[in-house]
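Before any comments, here is the structure.
Below, read A as the first sequence line, B as the second, and so on, with proteins coming before strands; counting in each chain starts at 1. Worth knowing before you read on, the calculation uses all heavy atoms, side chains too, and leaves out hydrogens, waters and symmetry mates.
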Amino acid sequence: MTKYIIKRFLIMIGTVLIIATLTFFLMHAIPGSPFNEERSSNEVVQANLEAHYHLNEPLFIQYLIYLKSIATLDFGPSIKHPTQTVNDLLGRGFPISFELGIVTILVAVFSGIILGVLAALKHNGIIDYLAMTIAVLGISIPNFVLATLLIQKLAVDWDIFPAATWSSPVHMVLPTLALATGPMAIIARLTRSSMLEVLTQDYIKTARAKGLMPYKIIIKHALKNALMPVVTILGTLLAGILTGTFVIEKIFAIPGMGRYFIESINQRDYPVIMGTTVFYSFFLVFMLFLVDIAYGLLDPRIKMHKKEGE
Amino acid sequence: MRKWLMLLLAVMVAIVLAACTTSGSSDSGEQNDGGEEASGGEKVLKLNNGSEPTSLDPPIGFDSYSWNVLNNLMEGMTRLDESHEPAAATAEKWDVSEDGTVYTFHIREDANWSNGDPVTAGDFEFAWKRLVDPEVASPAAFLGYFIEGAEAFNNGEGSEDDVMVEAVDEKTLEVTLTAPTGYFLHVTSNPAFFPINEEVQSENEEWFAEADSFVGNGPFQLAEWTHDSELVMEKNDEYWDADTVKLDKVEWAMVNDTNTEYQMYESGDLDTSDIPSEMSEELIDSENVVIEEQAGTHFYRFNVNEEPFTNEKIRKAFAMAVNQEEIVEYVTKNKEEPAYGFVSYGFADPSGEDFRDKNGDLVEYDPEQAKQLLEEGMEEEGYEELPKVTLTYNTSDVNKSIAETVQSMYKENLDVDITLENTEWNVFLQDQKDLKHQLSRSSFLADYADPINFLESFTTDSSMNRTGWSNEEYDKLIQQAKSEADEEQRFEYMYEAEKILFEEMPLFPIHFYNQVVLQKDEVENIVRHPVGYLELKWADKN
């Protein structure tokens, strides 16, 4: 197991490095520069700015400077927000995105699983149809549409929740709802279909025949196995949601890090692009790694298989 | 457990259903209890800055996100008054030498920093030299080029000591300009020319980065700054004119979505808001709309190196086939003034007449003449068929609708089919600079209040030219206007220059910009300058 973890860890580092390198060269291949402005921009002023951020150096030297910044985990100052370093931006934005993300995931996973299980148990009954209608709506209504509607109804018309910004737990309610609905729907559908499959298996019949309590059968025998597909998508979902979502953060004016992904690219803010990419890819790879380990814990067969493979 | 589940289900269903029924209806606006005061009698103005200020270091944050805030935290030698004219501010008075090139500012005795230090001439000397220091790399450095020696220092040829700004004594600053510059007093109101407390800077180079270390000299002081989410300003008691300031606090949100901003305005969390573009038709005539001019022009550039726009007549034909009035009325729907010249309204010549009125309409919508010019032009060039024309714009809904309208006007008036192309903003700018477009959407906003700022854009070596157009006589007129001491003569040069620009037509204008805001009834006297930044010194909230 330890050997497996070490190996996976090295692969992780390699993956991040490849992503980082690709991003660096792709980023410099896009036309434009952080100092392009619609207004008049004096050439001397332009040159001074480029020198200030080492953008006048050959690309290869810039790459080396950048590799050093990854190694030391210090990405330097943002070009568009010169009084702040990329680390400041990430350090400030990530906890907020993370907070919103965790709550969202919890809401989505719990309500999704519950909906899915209920639907499977009452297969083709009213609850099933109701749950799946909600799920289909959840998947098909984009979260930014839902967000705008939630604000209009719950904040502007009924005045129950604040419309936007981020200063108290009450402010979390609307963005959480908007963000959780999609993943909840996906999880509900996945849970339902795999529950349906599992419930027809022989070992469930055996358990029933042994006279086990129904909830025990469902939770211990059926659900545990039915959750495998859910765990699979959880890794990507976690990385995506925890590092912030551009649209929702923009709509609710949440100071998370989601917007840096988009804004930094629009502004060609090279250090921020690199910082966010490396951060995100590391996070994603790490989540996938956790999911792999979780597999092993949930299903011993997978661990055996991997061991054999080594 | 099941009960709980049902409850959850019920809530979810309720939300989804409620959400569905609202779509389409827009019966908002019944609330009028919105803007409650935070605590008894305190006057708190709630604004939205749209985004985190880039930097509150005066010469660095060269954009409205930074300078709308900074303009109220600090103050230059002059400050624009309610009628948009420069008035005495940190400087109590000034003398101008006879030839108009040497300005001597006298700083008022009671001008203090928010930490109690007196504002000195040395603070200004330090700040103005810092503006053009190449090491500081200020994007606004070129504004300092009015000062003798500044350009040389900035491009590395000269030294700091040669920049001709000097603190004669504690309260007197003398500055020598490269040429008589009638609008220099307007320039000194610009945030790039704000003083910097030298002592504070030497103790903490990043004094402008956080609220507790920020030291300003304006009507308000920075009280709290939660990066990326909120910024709070309080009345500054050290300000020399503190009695005039009526607001106790200004809270700035940083909401970067116009729909959300509007919803917060509706629910009382903001006192002003922009109008979401898709709602402009229904809101533009409502009572709470404030419309102010903005010195700037929305226009289209021709690339005069690309066929068919190498031909002057064809350029004119394309310019005259566009109906500006229709675009403003039916497309942008934002009450802009259609433009028939490049310099916008609001600049009076010595006789008091507005530049725009005096120089008149230099291009007019005339489909028949356009058609004829096109034919003549094609004949001159020997075209059987007009070379393909592509109109490029940066991706945005408004730009798209304008471009589509222009496209249909060309079809209707000239019987020419053009192709539309949109690109991402930064790519667009790069291509435009590299002269890769044929016909492209453009905009200009004035940095300082003089027609020359508009016109200098199209000299041969200007980085703003981006058309490939070059005219010796034009360049010469701009040069003359820049060094002319006699105002009347200076305006003559500029009138002449603008006429040449439209005789050769390397561009054609669409409309002049304006500032349109929704503002609550109880808010008064926020001043929005055509050239300049948001002014809250006189603002009040009842």
Side-chain angles (χ1 to χ4, degrees), chain A residues 30-33 35-49 51-52 80-84 88 92-93 111 114-115 118 127 130-131 134 137-138 141 146 148-157 159 162-167 177 181 250-255 259 266-268, chain B residues 5 8-9 12-13 15-16 18-20 22-23 28 31 52 54-57 60 134-135 137-142 145 151 154-156 206 208-209 226-230 253-257 259-260 263-264 266-267 269 424-427 429-431 433 442-445 447 457 462-464:
Chain A
I30 334 174
S33 114
F35 310 116
N36 267 347
E37 299 279 356
E38 169 114 60
R39 62 165 172 250
S40 159
S41 49
N42 182 291
E43 265 155 49
V44 175
V45 172
Q46 200 90 352
N48 286 339
L49 277 165
H52 194 84
K80 283 291 163 182
H81 295 271
T83 43
Q84 291 161 36
D88 286 342
R92 207 165 57 222
S111 49
I114 289 166
L115 269 186
L118 279 179
I127 294 188
L130 200 60
I134 296 175
L137 280 179
I141 300 178
L146 187 60
T148 317
L149 292 175
L150 287 173
I151 297 180
Q152 185 60 39
K153 268 290 136 187
L154 296 180
V156 179
D157 291 352
D159 208 11
T165 70
W166 190 256
S167 41
L177 279 178
T181 310
K250 186 172 167 194
I251 292 179
F252 288 100
I254 298 169
R259 67 175 118 166
N266 287 341
Q267 300 172 332
R268 309 288 191 273
Chain B
L5 274 179
L8 187 91
L9 262 177
M12 294 282 217
V13 171
I15 288 166
V16 171
C20 292
T22 56
S23 54
S28 45
Q31 293 150 296
E52 164 93 353
T54 309
S55 169
L56 292 186
D57 184 4
I60 300 299
E135 290 281 314
S138 159
F142 69 93
Y145 289 3
E151 185 166 5
N154 193 240
N155 67 22
E206 300 257 287
F208 41 76
T226 316
H227 290 287
D228 279 324
S229 79
E230 196 191 28
M254 301 177 194
V255 179
N256 183 10
D257 184 285
N259 285 308
T260 306
Q263 280 164 324
M264 287 177 74
E266 283 285 292
S267 67
D269 295 333
E424 185 255 356
W425 180 228
N426 213 311
V427 174
L429 288 177
Q430 190 70 47
D431 286 350
K433 278 178 194 168
S442 306
S443 74
F444 171 82
L445 290 178
D447 282 316
S457 301
S462 162
S463 66
M464 185 68 183

Let me know if [X] has heavy atoms under 4.5 Å from chain A in its side chain, its backbone, both or neither.
| X | value |
| --- | --- |
| B:Glu135 | backbone |
| B:Thr226 | neither |
| B:Asn256 | both |
| B:Phe142 | both |
| B:Gln263 | both |

Worksheet entry | Criterion side chain to side chain contact (heavy atoms under 4.5 Å, CB included) on B:Asn154 and A:Val45, from CA distance to verdict | CA-CA 8 Å; B:Asn154 193 240; A:Val45 172; 3.9 Å; yes
Ignoring hydrogens, what is the shortest heavy-atom contact between [X] and [Y]? Give both atom names and the distance.
| X | Y | answer |
| --- | --- | --- |
| B:Ser267 | A:Ala163 | OG-CB, 4.1 Å |
| B:Asp257 | A:Lys250 | CB-O, 3.7 Å |
| B:Asn426 | A:Gly32 | OD1-CA, 3.2 Å |

Q. Should the pair A:Arg268-B:Glu424 be classified as a salt bridge under the 4.0 Å nitrogen-to-oxygen rule?
A.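 So A:Arg268 pairs with B:Glu424 through a salt bridge.
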Of all of [options], which one pairs up most often with chain A through heavy atoms under 4.5 Å apart?
| options | answer |
| --- | --- |
| B:Ala137, B:Ser55, B:Ala140 | B:Ala137 |
| B:Ser442, B:Ser457, B:Gly156, B:Ser443 | B:Ser443 |
| B:Val427, B:Val255, B:Asn155, B:Leu445 | B:Val427 |

TODO: Side-chain contact test, heavy atoms from C-beta onward, threshold under 4.5 Å: evaluate it for A:Arg259 versus B:Asp228 and give yes or no.
DONE: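 A:Arg259 vs B:Asp228: side chains touch.
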Q. Taking the side chain as C-beta and beyond, is there a heavy-atom pair between A:His81 and B:His227 under 4.5 Å?
A.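 With C-beta onward as the side chain, the pair stays apart.
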Report task. Please determine, among A:Ala51, A:Pro31, A:Pro162, A:Gly138, the option with the most heavy-atom pairs under 4.5 Å with chain B. Result ->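 Heavy-atom pair counts peak at A:Pro31.
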Check your understanding: Would a distance-only check, ignoring hydrogens and angles, find a side-chain to backbone donor-acceptor pair under 3.5 Å from B:Thr260 to A:Phe252?
Key ->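 Looks like no, no N/O pair under 3.5 Å.
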- Query: Step by step, would you call A:Thr165 with B:Met264 a side chain to side chain contact (heavy atoms under 4.5 Å, CB included)?
  - Reply: CA-CA 10 Å; A:Thr165 70; B:Met264 287 177 74; 3.8 Å; yes
- Item | Residue part contacting chain B, namely of A:Gln267, when any heavy atom lies under 4.5 Å |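 Looking at A:Gln267, just its backbone touches chain B.
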Measure the spacing between CD1 of B:Ile60 and CG of A:Leu49 and express it to the nearest 0.5 Å.
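Between B:Ile60 CD1 and A:Leu49 CG, I get 8.0 Å after rounding to 0.5 Å.
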